[in-house]
2 protein chains.
Amino acid sequence: MTSSSKKKATIYDLSVLSGSSPSTVSAVLNGTWQKRRIKESTAELIRNLAETHQYTANRQARGLRSSRSGLIGLLLPIHDNRYFSSMAQTFEAHVRSKGQCPIVVSASRDPKEERKTAETLISYSIDELFICGATDPDGVHEVCEAAGLKHINIDLPGTKAPSVISDNYEGGRMLTEAIIRHFQATGPLEPHELYLFGGRNDHASRERIRGFRAVKNELLGADPDECIQPTGYAPNNARLAFEAFYEKHGKLPRGLFVNSSINFEGLLRFMAGHPHENFADLVVGCYDYDPFASFLPFPVIMIRQDVEGMITKAFDVIEEARPQPRIHLIQPELVQPRTALTGPLDALKDIE
Amino acid sequence: MTSSSKKKATIYDLSVLSGSSPSTVSAVLNGTWQKRRIKESTAELIRNLAETHQYTANRQARGLRSSRSGLIGLLLPIHDNRYFSSMAQTFEAHVRSKGQCPIVVSASRDPKEERKTAETLISYSIDELFICGATDPDGVHEVCEAAGLKHINIDLPGTKAPSVISDNYEGGRMLTEAIIRHFQATGPLEPHELYLFGGRNDHASRERIRGFRAVKNELLGADPDECIQPTGYAPNNARLAFEAFYEKHGKLPRGLFVNSSINFEGLLRFMAGHPHENFADLVVGCYDYDPFASFLPFPVIMIRQDVEGMITKAFDVIEEARPQPRIHLIQPELVQPRTALTGPLDALKDIE
DNA sequence: AGTTCTTGCACCATCGATTGTGCAAACAAG
DNA sequence: CTTGTTTGCACAATCGATGGTGCAAGAACT
């Protein structure tokens, strides 16, 4: 019934109502009115009209004219995982605090999909793009470069744009060492009793594996190749790998380095089909943190990547005038079993 | 060095190159060229030019003219939770398959933030809005209505727009009954030994509580008020409630109905500060599914809401010509302890 | 009173695509 | 050869906001 039942008000509507020109209205409502020497009283009038008519600028029009949209994009491999979802949560908070609009999209770890998604985002004139965990960061870089779009890699590095990533080598070392030390009470571990499952041939996995092997050599004196099982990230592939091992040896290795919480889900699927007791002496290290996983009935040592630190650093770097394509390492954190850490959610107020 | 080093190509650039008018180029590239009786050979020429110059339409311009953007929005309370992140994952897949662009944003369960976020999305001319778990769905409705934007509620219902939600009453009943039955082997449960923690005064919590109380009455013969502890959704508030109970009674109730996985994190935080053995006879029912939680050292019975079903239904309903503001109930699923279900991730291929 | 500033705003082109309309050239019909 | 018809496209307005430029009215100054 009110004016709200009509279509959205534009500066032209307000121009008619206020008796001033559209450009005056525009200037008043986007804050450049002082520069244009608009009278305070005129501004006041227009501001009131805008208020009562619930004016909000059409950002497509603004973006078209100014070739900036106010959108900042985050390209994720997937949503459904605590690591990436906390990335999204943290990213949003940062973008909001800059007064811009976050837009989070996933591309399923598919290089083609990654490029296509970047293209799409670019066609909406996003202002910056954060490329997180991309399978082919340099491919996405080409697309961004061609469009003159500022961008940065997170989690997995590229060679042509700056990257902010976890120190996966150090993290891999920490985690491996923690697993080994955990057995010092019960009984020393043999080299072939500590396996790594999951991950694929990406930078993060390679670095973690490098750390894993180095520490095994240092502490256990050997590092057999067969202890490395990069099964990819799909839970079911990881499950099959565990099944195969179990089939062959009648048990799991006592020590497991699981490359991500997604792979860990593969371990759960395996376990669901086997009696509980088979895993009495199991110790798992997982390169990711999930609060529930931390409380499982066997010791689970986890790595929490410093998402807040990475996002903060990424914003710093992307703001630089001429960001160099170098890699910034962020230290991850070792989390002992049965630890419930706070996360980005704790920053939110809980109403009522 | 190539044309890619310049700015993005427009229909005007292609118009010059091809010797035809911008409108012809536009028609060819957006598929309406048959209707405009453009010669096949002309179309072919333009298509090739577009290809070699990597033309992609500026969607802000297109959106401005056609007042449609190709964007479909999902408004979430938070990202960092398996329920909502699987919602995002599923939503994305659906939107992609319709050839549109998903845009997922969270609003922190804050009614003001919800409305502001909806406003922002509207200013980008999104085509549809899925409002998931909003604290004030009717407030968001007003905003959408004023802009003539199609919208639908998910997870928490509103009174003015169609809603697709879980059957929380039935889910609450199922979960409560499963908890009680779990004690039949060990020893029957007294009414005051089964508590509900978490949630607040929202529709979902109310329905679950209603189911909880009904089943307690039916099976245990009583339903004391003090067994209902709606602590809100913040993990720390839940933790404090558990601490308080423990302080007073020296133990936790044997049976716990936890209203969401976020509240469950509060229980973990509590447990981190207390010895393992205190929870030997504990049975937890959690209204949410998380694969890791399902394998905790005490029996955890979970409810998995049918996210795929809800999203599918929501798309059906929003596509209707005149969607009615009624509520569509989707049945959730009871998940026994130590169960690793597949999720939206399993639909993705794992390259390498 | 005449000149020069300053104030306060209006005008208009522009961003890139869409779409209703108009109109030549080619062709067919009479 | 004249009068329709069809084919194939060009023209121009439009979406809503932005920002450079220009200009009248009033103030300040000589």
Side-chain angles (χ1 to χ4, degrees), chain A residues 6-46 49-50 53-70 120 122-127 147-148, chain B residues 6-46 50 53-71 120 122-127 147-148:
Chain A
K6 311 176 173 196
K7 278 294 150 195
K8 300 230 65 168
T10 71
I11 54 169
Y12 297 95
D13 301 332
L14 297 184
S15 140
V16 172
L17 290 168
S18 70
S20 19
S21 75
S23 58
T24 300
V25 176
S26 170
V28 167
L29 297 175
N30 71 23
T32 60
W33 58 284
Q34 325 247 22
K35 205 167 51 191
R36 286 182 160 270
R37 297 184 313 222
I38 310 288
K39 238 193 307 183
E40 171 62 42
S41 64
T42 310
E44 184 63 19
L45 169 67
I46 291 174
L49 281 173
H53 290 266
Q54 306 207 63
Y55 169 85
T56 50
N58 179 324
R59 309 224 190 184
Q60 298 207 75
R62 169 182 295 171
L64 176 58
R65 183 59 229 258
S66 58
S67 66
R68 305 184 1 96
S69 63
T120 303
I122 287 169
S123 74
Y124 287 109
S125 303
I126 60 168
D127 298 335
Chain B
K6 311 177 171 194
K7 278 293 151 194
K8 301 229 67 171
T10 71
I11 53 170
Y12 298 95
D13 301 332
L14 298 184
S15 140
V16 172
L17 290 168
S18 69
S20 18
S21 75
S23 57
T24 300
V25 175
S26 171
V28 168
L29 296 175
N30 71 23
T32 59
W33 57 286
Q34 325 247 24
K35 205 167 54 191
R36 284 181 164 272
R37 299 186 308 225
I38 310 289
K39 238 193 307 182
E40 170 62 42
S41 64
T42 309
E44 183 63 20
L45 168 67
I46 292 174
H53 290 266
Q54 307 206 61
Y55 170 84
T56 50
N58 180 322
R59 311 225 190 186
Q60 299 207 72
R62 169 182 295 172
L64 176 57
R65 182 58 231 259
S66 57
S67 64
R68 306 182 359 95
S69 62
L71 296 171
T120 303
I122 287 169
S123 73
Y124 287 109
S125 304
I126 60 169
D127 298 334

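The shown structure was predicted, so the numbers you read here are calculated from the model rather than taken from an experiment. Lettering follows sequence order; numbering is per chain, from 1.
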What is the separation between atom CG on B:Leu64 and atom C1' on C:dG16, rounded to the nearest whole Å? 9 Å
Could you state the CG-P distance from A:Leu14 to D:dA17, rounded to the nearest angstrom? 8 Å
Has A:Ser23 got a side-chain N or O lying under 4.0 Å from the OP1 or OP2 atom of D:dG19? no
If you round to the nearest 0.5 Å, how far is CG of A:Asn58 from CD1 of B:Ile122? 11.5 Å
Going by atom types only, do A:Thr24 and A:Ser21 share a side-chain donor-acceptor pair under 3.5 Å? yes
State whether the side chain of B:Ser125 and the backbone N or O of B:Ser67 hold a donor-acceptor pair below 3.5 Å, judged by distance alone. no
Heavy atoms only, 4.0 Å cut-off, all strands: where does A:Thr42 land among base, sugar-phosphate and nothing? sugar-phosphate
Using whole Å, what does the distance between atom C1' of nucleotide C:dA17 and atom CD of B:Gln60 come to? 12 Å
Please check: side-chain N/O of B:Ser123 versus main-chain N/O of A:Thr56, any donor-acceptor pairing under 3.5 Å? no
B:Ser26 side chain near C:dT18 phosphate (N/O to OP1/OP2, under 4.0 Å): yes
Within the 4.0 Å heavy-atom criterion, would you say B:Gly19 contacts the bases, only the backbone, or no part of the nucleic acid? sugar-phosphate
Does A:Arg62 put a side-chain nitrogen or oxygen below 4.0 Å from OP1 or OP2 of D:dT18? yes
Interatomic distance where CD1 belongs to B:Ile38 and P belongs to C:dT18 [whole Å]: 13 Å
Kindly calculate the angle separating the two end axes of the helix from C:dA1-D:dT30 to C:dG30-D:dC1, each obtained from five base pairs, and round it to 10 degrees. 60°
With sugar-phosphate meaning primed atoms plus P, OP1 and OP2, does B:Ser66 contact a base, only sugar-phosphate, or nothing at under 4.0 Å between heavy atoms? nothing
C:dT7 C1' sits how many Å from A:Trp33 CH2, rounded? 14 Å
For D:dC9, take OP1 and OP2 only and decide whether either is under 4.0 Å from a side-chain N or O of B:Thr24. no
Length of the line joining A:Asn58:CG and C:dG16:P, which is rounded to integer Å: 16 Å
Is the phosphate of C:dT14 approached by B:Tyr12 (side-chain N or O, under 4.0 Å from OP1 or OP2)? no
Pick base, sugar-phosphate or nothing for B:Arg59, based on heavy-atom distances below 4.0 Å to the nucleic acid. nothing
Between B:Ser21 and D:dA10, is there a contact of a side-chain N or O with OP1 or OP2 at under 4.0 Å? yes
Write down the distance between CZ (A:Arg36) and P (D:dG20), rounded to a whole number of angstrom. 7 Å
From CA spacing to verdict: side-chain contact (heavy atoms from CB on, under 4.5 Å), B:His53, B:Leu17: CA-CA 10 Å; B:His53 290 266; B:Leu17 290 168; 3.7 Å; yes
By the 4.0 Å heavy-atom rule, please label B:Thr10 as base, sugar-phosphate, or nothing. sugar-phosphate
Select one nucleotide: of C:dT18, D:dT18, D:dA10, the one nearest the side-chain heavy atoms of A:Asn30. D:dT18
Between B:Tyr124 and A:Ser69 (side chain of the first, backbone of the second, donor and acceptor by atom type, cut-off under 3.5 Å), is there such a pair? yes
Distance in angstrom units between A:Leu45 CG and C:dG8 P, rounded: 15 Å
